[in-house]
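Below: one structure, written as structure tokens.
In what follows, chains are A, B, ... by sequence order, proteins preceding strands, each numbered from 1.
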Number of protein chains: 2
Amino acid sequence: MSMSHACDHDHDHAHHLDSGRIAARLSEAQRLCEAQGERMTAPRLRTLELILGENAPVKAYDVIDRFHPDGAAKPPTVYRALAFLEQMGLIHRIESLNAFVACQGHADGQVVQPHAAAFLLCDCCGSSEEVAVSLPEIDQQAAASGFETRRVTLEARGLCKACR
Amino acid sequence: MSMSHACDHDHDHAHHLDSGRIAARLSEAQRLCEAQGERMTAPRLRTLELILGENAPVKAYDVIDRFHPDGAAKPPTVYRALAFLEQMGLIHRIESLNAFVACQGHADGQVVQPHAAAFLLCDCCGSSEEVAVSLPEIDQQAAASGFETRRVTLEARGLCKACR
DNA sequence: GGCAATGTGTTATGTAATAACATAATTGCT
DNA sequence: AGCAATTATGTTATTACATAACACATTGCC
Ligand SMILES: [Zn+2]
Ligand SMILES: [Zn+2]
Ligand SMILES: [Zn+2]
Ligand SMILES: [Zn+2]
């Protein structure tokens, strides 16, 4: 469930979304898919539901294990759903954790196309904060090298306010 | 050996270091370790040698497979060496590729402590370019959130000049 | 030499992700 | 409705990536 930790403080600040808020995000996601002619199917919805349930990045195999009330899902079911949700911009993959987190750019109902994002990842409580940043320096370096950037991974690891 | 590709051009621009240049980098690495009271042992040297041999990120299991002339090394041997080399700032882990690349910040013999770096990673030929960037925006965002950053991963994926 | 600290060898296991192919649901067309 | 094409899912098996645990060896110091 939660990541183990050696610190002495608790991690209550890593609060979960309540079920009403999750339901709202799910139907919003469904609308977003339909608006783009994509299908929000049951396994995709279930996968998103499980990721929305945590405010921290979730491992693929945690989704797999919790997928059914009685038993685990098969890995391809979940990995395919994860790929779809990422393409739709509903979740982000966190490369340095091999995990997935719900996009926080849809918070107020606005449609956000797939986008680059930066993350502040707490090594103690596991919490994730998505922040919007522009990257003029790396763009400039890329341009100087004749490099065509397709996507950027930017992840800061450290300690959140509550854990420092 | 090299990564497979569907493009029609060749990847000769992904040239390797010649053996003399590798030897120079290895002895330089050895001096750097000794200067810090660390031991550059045989498996560590061999691991670094194999990584220096490519100008592209190398998979851990590629190192494992090539470690001995006759057979493969055991995974812990190589993973331990990789951890050491990374701590010494001699290699960097590329999170989005699960691979390792030699640090390019030691090129002219200057000692470079473990440092953050950004990478331009070509999805076609697999080449990697290490670039130095400062990150004022993410530092600012982190400060605003009370987040204490320990280390940053910044990887741009795309197409290098030769492959676009 | 005796000891502590560090590094390595070895076996086994744990964790993450995909290939390949069969079946099912959906969509668009007639 | 009937049909074909497309898209999605189910299923089995395999591949790729990484570490735990413990025994043994080496190094440096007293
Ligand atoms: Zn987002
Ligand atoms: Zn925290
Ligand atoms: Zn470097
Ligand atoms: Zn290239």
Side-chain angles (χ1 to χ4, degrees), chain A residues 1 3-4 6 29-30 33-51 57-68 70-88 90-101 126 153, chain B residues 1 3-4 6 29-30 33-51 57-68 70-88 90-101 126 153:
Chain A
M1 196 121 268
M3 111 180 303
S4 69
Q30 194 142 21
C33 288
E34 283 164 8
Q36 305 191 19
E38 298 289 343
R39 291 185 254 167
M40 177 53 89
T41 61
R44 291 167 177 178
L45 210 54
R46 175 62 175 153
T47 298
L48 181 56
E49 180 185 16
L50 288 167
I51 292 174
V58 179
K59 299 276 191 178
Y61 271 77
D62 286 342
V63 175
I64 289 167
D65 292 341
R66 301 174 198 166
F67 197 83
H68 296 299
D70 48 339
K74 305 292 171 61
T77 302
V78 169
Y79 278 102
R80 286 191 281 230
L82 291 169
F84 171 82
L85 294 169
E86 191 179 14
Q87 281 191 324
M88 298 299 295
L90 292 165
I91 64 172
H92 296 285
R93 177 178 169 87
I94 306 299
E95 299 286 358
S96 67
L97 294 173
N98 291 342
F100 299 84
V101 70
T153 297
Chain B
M1 197 118 272
M3 113 181 302
S4 68
Q30 195 142 19
C33 289
E34 282 163 9
Q36 305 191 19
E38 299 287 344
R39 291 186 254 165
M40 177 55 87
T41 61
R44 290 167 177 177
L45 210 53
R46 174 63 175 152
T47 298
L48 181 56
E49 181 185 17
L50 287 167
I51 292 174
V58 179
K59 300 277 191 176
Y61 270 78
D62 286 342
V63 176
I64 288 167
D65 291 341
R66 302 174 197 166
F67 196 84
H68 296 298
D70 47 339
K74 302 294 170 60
T77 301
V78 169
Y79 277 103
R80 285 191 283 228
L82 291 169
F84 171 83
L85 295 170
E86 190 177 16
Q87 280 191 324
M88 296 300 294
L90 292 166
I91 64 171
H92 296 285
R93 178 179 168 86
I94 306 299
E95 299 286 359
S96 67
L97 293 173
N98 292 342
F100 300 83
V101 71
T153 297

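- For B:Glu34, the side-chain contact (heavy atoms from CB on, under 4.5 Å) partners at least two apart in sequence or on another chain are B:Gln30.
- Considering only heavy atoms from C-beta on, A:Ile64 stays 4.5 Å or farther from A:Lys74 through its side chain.
- Tested against B:Ile51, the residues B:Ile91, B:Leu90, B:Asp62 include a single side-chain contact (heavy atoms from CB on, under 4.5 Å) partner, B:Ile91.
- Here the side chains of A:Phe67 and A:Thr77 are in contact, with some heavy-atom distance below 4.5 Å.
- Atom OG1 of B:Thr153 and atom CD of B:Glu95 lie 5.0 Å apart (nearest 0.5 Å).
- When atom types are taken as modelled, the side chain of B:Lys59 and the backbone of B:Phe100 share no donor-acceptor pair closer than 3.5 angstrom.
- A 4.0 Å heavy-atom criterion places the boundary nucleotides of DNA chain C facing chain A at C:dA16 to C:dT26, written 5' to 3'.
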Handout entry: Reading 5' to 3' through nucleotides 4-13 of chain D, protein heavy-atom contacts under 4.0 Å coded B for base, S for sugar-phosphate only, - for none
Key = ---SSBBBB-

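- Contact of the A:Val78 side chain with the A:Pro76 side chain is not registered, since no non-hydrogen atoms from C-beta on lie closer than 4.5 Å.
- Looking at B:Arg93 and B:Asn98, their side chains come closer than 4.5 Å, going by heavy atoms from C-beta outward.
- The shortest side-chain heavy-atom distance between B:Leu48 and B:Met88 does not fall under the 4.5 Å cut-off.
- Counting only heavy atoms from C-beta outward, the side chains of B:Val58 and B:Val63 approach each other to under 4.5 Å.
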With 3.5 Å as the limit, what N/O pairs link the protein to nucleotides 15-17 of chain D?
unit_1 : atom_1 : unit_2  : atom_2 : d
D:dC17 : OP1    : B:Lys59 : NZ     : 2.9

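- Axis angle, first five pairs versus last five pairs of the helix from C:dG1-D:dC30 to C:dT30-D:dA1: 30°, rounded to 10°.
- Checking side-chain atoms of A:Thr47 against main-chain N and O of A:Pro43 turns up a donor-acceptor pair under 3.5 Å.
- Judged as a salt bridge (charged side-chain N to carboxylate O under 4.0 Å, His left out), the pairs with a partner in residues 39-50 of chain B (not counting sequence neighbours) are, in order, B:Arg46-B:Glu49.
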